[in-house]
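Chain letters run A, B, ... following the sequence lines, proteins first and then strands; every chain starts at 1.
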2 protein chains.
Amino acid sequence: MDSSSQIRAAASRLFATHGYEGVSLQSIADSVGVAKQTLLYHYPSKEALRRAVLEHVLEHWRRTLPAMLQAVTSGHGRFQALTEELVSFFDGDRDRARLLARELLDNPNDTKRLLVESLRPWILLVSEYIREGQKIGLIHADVDPESYVLHVVILVITTVANLTTIATALSGGGQADAQNRRETEQRHLAELIRMTRTALFAR
Amino acid sequence: MDSSSQIRAAASRLFATHGYEGVSLQSIADSVGVAKQTLLYHYPSKEALRRAVLEHVLEHWRRTLPAMLQAVTSGHGRFQALTEELVSFFDGDRDRARLLARELLDNPNDTKRLLVESLRPWILLVSEYIREGQKIGLIHADVDPESYVLHVVILVITTVANLTTIATALSGGGQADAQNRRETEQRHLAELIRMTRTALFAR
DNA sequence: CCTACCGATCGGTAGG
DNA sequence: CCTACCGATCGGTAGG
């Protein structure tokens, strides 16, 4: 992996953990093992590095979307895969979820634009399938399609972003072993999937 | 209002908007109209100010809990008030929701402790009522009570924390007037309440 | 509560 | 003249 990618990977991890303002260029450089100026050679400013990190996440999102839509919209039986696909995408790299959760709080205006440009077409398409499901009585008539999809996305992102913290609270806060913690996390994700499915399907 | 409260109020607003690391003591002092050193007279460190802000939110939460539990658990008809009560509490002061959403990301260990100490007894009590509802067939048998309540809390906090951003994305990103924006926000909160109710009640 | 400061560290740029 | 960096240091500001 070249320097530029290594720097972006380290920044992703640190921004996800401590937030943009909580990370210095020096700490990113140290974690890669280069001088701070090397970092500023590849990215002209800290802000440019932030955009590169975010863009890398969104690029992965855009690459994954077609297959996700295929899984969600091919046949009624597969439609409930909506939440599973989202959970799988974000749980595959929890830093992705944490970066987006932070971006939503830190940069509401930029994120607003990203939501409208990258996410809205996808939301509208899934909403169209929900409306078809409502016509044939498969989906509850009182579901607000666009609002529902957005709630599912937000719930998946924030749940995965805070899953370790939440799972510990759920299991009582004691020092559980890794096996036990992973089981509690899986149980919590299973309830998320059950909730979003039950809130959607009439039968 | 005394200086100490004014400082805490200004810090709450700024921490909620920019995050703890994104706010300098000087910027808090400026927004109150005092010297930075005045602030350090009332709160010995930035970290002490952070704890005071968080403690003030939790104090309000603990004061509100008894009435909320009363509303939620008195009779089956009122049980669905769970989400409404939570939405009302956090929507009444959105900085509360944003502070908790940030705290969850920034200080997972401290927040873990707070969740276990302040929230878990409440979650266990509500879960007990859910289990009674399951026995009489009022509530879906496959609901995971503790996990469900935790999901509702997280969903309400993050939805209210990001409601302005989300509502703009939902209405298309154009420059909607204040009236239109508030309507979209209410519509989105209504779907949240519908989702959590439908995911719970069998009939 | 304020004036006057501190050790250190911030994001960013210089020449080579 | 280019690339991929380095050691040193810029003007300002951080928390205390």
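For the OP1/OP2 pair of dC5(D) and a distance below 4.0 Å, the side-chain nitrogens and oxygens of His42(A) include at least one atom meeting the criterion. Using a 4.0 Å cut-off, some side-chain N or O of Ser3(A) falls inside it from OP1 or OP2 of dC5(D).
Checking Val34(B) against Ser27(A), the closest nucleotide of DNA chain C that is more toward the 5' end is the one next to Val34(B).
Using a 30° and 60° split on the angle between ring planes, Trp122(B) and Trp61(B) fall in the perpendicular class, above 60°.
You'll find that the side chain of Tyr41(A) is closest to dA4(D), out of dA4(D), dC10(C), dT13(C). The Lys46(B) side chain lies nearest to dG16(D) when the options are dC6(D), dG16(D), dA4(D). Distance from the side chain of Gln37(B) is smallest to dG16(D) among dG11(C), dG16(D), dC6(D). Closest to the Ala35(A) side chain, of the nucleotides dC10(C), dT3(C), dC6(D), is dC6(D). For Ser24(A), taking side-chain heavy atoms from C-beta onward, the closest of the listed nucleotides dC10(C), dG12(C), dC1(C) is dC10(C).
Distance CZ (Arg50(B)) to P (dG15(D)): 14 Å, rounded to an integer number of Å. Between the CG atom of Leu49(A) and the C1' atom of dG12(C) there is a distance of 13 Å, given to the nearest Å. Regarding Leu40(B), its CG atom lies at a distance of 14 Å from the P atom of dT3(C), rounded to whole Å. In this structure, OH of Tyr43(A) is placed 17 Å from P of dT13(C), rounded to the nearest angstrom. Across the protein-nucleic acid pair, Gln26(B) atom CD and dC5(C) atom P stand 17 Å apart, rounded to whole Å. Computed from coordinates, the Glu47(A) CD to dC10(C) C1' distance equals 16 Å when rounded to whole Å. Computed from coordinates, the Glu21(A) CD to dG11(C) P distance equals 9 Å when rounded to whole Å. What separates CG of Asp30(B) from P of dG15(D) is a distance of 12 Å, to the nearest Å.
A salt bridge does not link Arg62(B) with Glu59(B): none of the charged nitrogens is closer than 4.0 Å to a carboxylate oxygen.
In this structure, Arg102(A) forms no cation-pi arrangement with Phe15(A), as its terminal cationic atom is not both closer than 6.0 Å to the ring centre and no more than 45° off the ring axis.
Atom P of dG12(D) sits at a distance of 22 Å from the matching atom of dA8(C), rounded to the whole Å. Nucleotides dG16(D) and dA4(C), compared at atom C1', are 13 Å apart to the nearest Å.
Applying the 3.5 Å distance criterion, the base of dG12(C) shares a donor-acceptor pair with the side chain of Lys36(A).
One N or O on the side chain of Tyr43(B) and one on the backbone of Ser4(B) form a donor-acceptor pair closer than 3.5 Å. Between the side chain of Thr111(B) and the backbone N or O of Glu103(B), at least one donor-acceptor pair lies under 3.5 Å.
Heavy atoms of Leu25(B) sit under 4.0 angstrom from primed sugar atoms or phosphate atoms, though from no base atom.
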